[in-house]
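Take a look at this one; I'll ask things after.
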Amino acid sequence: QVRLVESGGGLVQAGGSLRLSCTASGSTSNINAVDWYREAPGKQRELVAANTSSGSTNYADAVKGRFTISRDNANNIVYLQMNSLKPEDTGAYYCGADWTDYTDYATPWRSWGLGTQVTVSS
């Protein structure tokens, strides 16, 4: 099992910054890729940033150049640094992880955190 807990959300003015953290516990050595999604009211959950198993990163066009995903593997934390925030960045942000259960025929699993709210005022 991999458990994820997000933190760092809050209320910020447009142009400001926030850093979200996602702390993983459990079978953390089995984690492959990690990512951040967000869900705005009335909209579908969308990918914001991902850090793949090969170490590469990719970002949604809407956040390129403003957001940065990074991993602290020693402490099992994934960060999302968000700069130059805009009101349209408002939403619930969720951390996700793809991991493998090697005790069960290498079954792939997906874990989600419960989310942290980010509100950007204009």
Side-chain angles (χ1 to χ4, degrees):
Q1 274 277 15
V2 171
R3 292 168 294 278
L4 305 171
V5 178
E6 302 95 335
S7 61
L11 173 63
V12 63
Q13 287 190 329
S17 298
L18 282 175
R19 188 177 76 162
L20 305 184
S21 299
C22 172
T23 302
S25 61
S27 303
T28 57
S29 62
N30 297 348
I31 292 175
N32 303 313
V34 292
D35 46 51
W36 285 94
Y37 278 71
R38 69 185 179 191
E39 191 171 317
K43 294 187 177 181
Q44 286 189 327
R45 190 174 296 191
E46 62 176 0
L47 176 67
V48 175
N51 185 300
T52 69
S53 57
S54 64
S56 63
T57 56
N58 57 73
Y59 299 91
D61 288 343
V63 307
K64 281 181 182 175
R66 299 188 298 122
F67 290 12
T68 303
I69 186 171
S70 60
R71 295 171 73 164
D72 176 355
N73 290 324
N75 294 299
N76 299 312
I77 301 175
V78 181
Y79 297 104
L80 184 67
Q81 178 67 45
M82 306 187 296
N83 299 328
S84 302
L85 282 161
K86 304 176 181 180
E88 50 264 43
D89 294 319
T90 294
Y93 282 69
Y94 299 89
C95 177
D98 295 319
W99 58 280
T100 303
D101 185 352
Y102 293 103
T103 69
D104 186 20
Y105 302 99
T107 301
W109 286 91
R110 174 76 174 173
S111 290
W112 289 100
L114 295 180
T116 185
Q117 179 66 34
V118 171
T119 303
V120 184
S121 63
S122 57

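As the structure is a computational prediction, the values presented were derived from the model and not from experiment.
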> With E88, which residues qualify under salt bridge (charged side-chain N to carboxylate O under 4.0 Å, His left out), at least two apart?
Replying inline: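 Residues passing salt bridge (charged side-chain N to carboxylate O under 4.0 Å, His left out) with E88: none at all.
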> Once you round to the nearest 0.5 Å, how far does SG of C22 lie from CD1 of I77?
Replying inline: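 Rounded to the nearest 0.5 Å, the SG-CD1 separation comes to 9.0 Å.
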> CH2/W99 to CD1/I31 distance, rounded to the nearest 0.5 angstrom?
Replying inline: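 Between atom CH2 of W99 and atom CD1 of I31 there are 9.0 Å.
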>> Tell me every residue that passes salt bridge (charged side-chain N to carboxylate O under 4.0 Å, His left out) with R45, counting only those two or more places apart in sequence or in another chain.
In response: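 Once residues adjacent in sequence are excluded, the partners of R45 under the salt bridge (charged side-chain N to carboxylate O under 4.0 Å, His left out) criterion are E39.
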> Side chains of W109 and V2: does their closest heavy-atom pair fall under 4.5 Å?
Replying inline: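 No, their side chains stay 4.5 Å or more apart.
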> Can you tell me how far CG of L4 sits from OG of S25, rounded to the nearest 0.5 angstrom?
Replying inline: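 Going from the OG atom of S25 to the CG atom of L4 covers 7.5 Å.
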> For V12, which residues count as a side-chain contact (heavy atoms from CB on, under 4.5 Å) partner, sequence neighbours excluded?
Replying inline: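 L18, L85, V120.
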>> I need the N76 CG to T28 OG1 distance, nearest 0.5 Å.
In response: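 If I round to the nearest 0.5 Å, the distance is 3.5 Å.
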>> Within this structure, what is the SG-CD distance for the pair C95 and E6, rounded to the nearest 0.5 Å?
In response: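 These two atoms lie 5.5 Å from each other.
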> Taking only residues two or more places apart in sequence or in another chain, which ones pass side chain to side chain donor-acceptor pair (under 3.5 Å) with S17?
Replying inline: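 Per chain and number, S17 pairs via side chain to side chain donor-acceptor pair (under 3.5 Å) with N83.
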>> Under a 4.0 Å threshold between the charged nitrogen and the carboxylate oxygen, would K64 count as salt-bridged to D61?
In response: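 Counted as a salt bridge, because a side-chain N and a carboxylate O are separated by less than 4.0 Å.
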>> Tell me every residue that passes side-chain contact (heavy atoms from CB on, under 4.5 Å) with N51, counting only those two or more places apart in sequence or in another chain.
In response: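 Applying side-chain contact (heavy atoms from CB on, under 4.5 Å) to N51 gives V34, T57, I69, R71.
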>> Working note: R66 + M82, criterion side chain to side chain contact (heavy atoms under 4.5 Å, CB included); need CA distance, chi angles, decisive distance, verdict.
In response: CA-CA 6 Å; R66 299 188 298 122; M82 306 187 296; over 6 Å; no
> With sequence neighbours left out, what residues match T103 under side-chain contact (heavy atoms from CB on, under 4.5 Å)?
Replying inline: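 Residues passing side-chain contact (heavy atoms from CB on, under 4.5 Å) with T103: D101.
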> When rounded to the nearest 0.5 angstrom, what distance separates OG1 in T23 from CG in D72?
Replying inline: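 T23 atom OG1 to D72 atom CG measures 9.5 Å (nearest 0.5 Å).
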> Would Y79 and T68 count as a side chain to side chain contact (heavy atoms under 4.5 Å, CB included) if you check the C-alpha gap in whole Å, the side-chain angles of each, and the deciding distance to 0.1 Å?
Replying inline: CA-CA 8 Å; Y79 297 104; T68 303; over 6 Å; no
>> Using the salt bridge (charged side-chain N to carboxylate O under 4.0 Å, His left out) criterion, which residues pair with R3? Sequence neighbours excluded.
In response: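 If we apply the salt bridge (charged side-chain N to carboxylate O under 4.0 Å, His left out) test to R3, skipping adjacent residues, there are no hits.
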> For K43, what residues pass the salt bridge (charged side-chain N to carboxylate O under 4.0 Å, His left out) criterion, not counting sequence neighbours?
Replying inline: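 K43: no salt bridge (charged side-chain N to carboxylate O under 4.0 Å, His left out) contacts found.
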>> Minimum heavy-atom separation for R38 and A62, please, with both atom names.
In response: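 Nearest pair, atom of R38 first, then A62: NH2-CB, 4.1 Å.
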>> Please enumerate all residues that pass side-chain contact (heavy atoms from CB on, under 4.5 Å) together with A106, with sequence neighbours excluded.
In response: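 Residues passing side-chain contact (heavy atoms from CB on, under 4.5 Å) with A106: T100, Y102.
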>> According to side chain to side chain donor-acceptor pair (under 3.5 Å), who are the partners of S21, at least two apart in sequence or on a separate chain?
In response: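 With neighbours one apart ignored, the set is empty.
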>> Checking the side chain of T119 only, and the main-chain atoms of L11 only, is there a donor and an acceptor separated by less than 3.5 Å?
In response: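 Judged by distance alone, no pair lies under 3.5 Å.
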> Is Y93 close to L80 at the side-chain level, that is, under 4.5 Å between some pair of heavy atoms?
Replying inline: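 SC-SC contact between L80 and Y93 confirmed.
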> If you look only at pairs with a residue in residues 11-36, which of them pass as a salt bridge (charged side-chain N to carboxylate O under 4.0 Å, His left out), with sequence neighbours excluded?
Replying inline: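 Checked against salt bridge (charged side-chain N to carboxylate O under 4.0 Å, His left out) - neighbours excluded - the pairs reaching residues 11-36 are D35-R110.
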> Is there side-chain contact between L20 and Q81, with heavy atoms separated by less than 4.5 Å?
Replying inline: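 Answer no - side chains too far apart.
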> How does the hydrophobic cluster around W112 look, that is, which other residues are in it when side-chain heavy atoms under 4.5 Å mark a link?
Replying inline: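 When side chains under 4.5 Å apart are linked, the cluster holding W112 also contains Y37, L47, Y94.
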> Does the side chain of V118 come within less than 4.5 Å of T90's, by heavy atoms?
Replying inline: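 Sidechains of V118 and T90: no contact.
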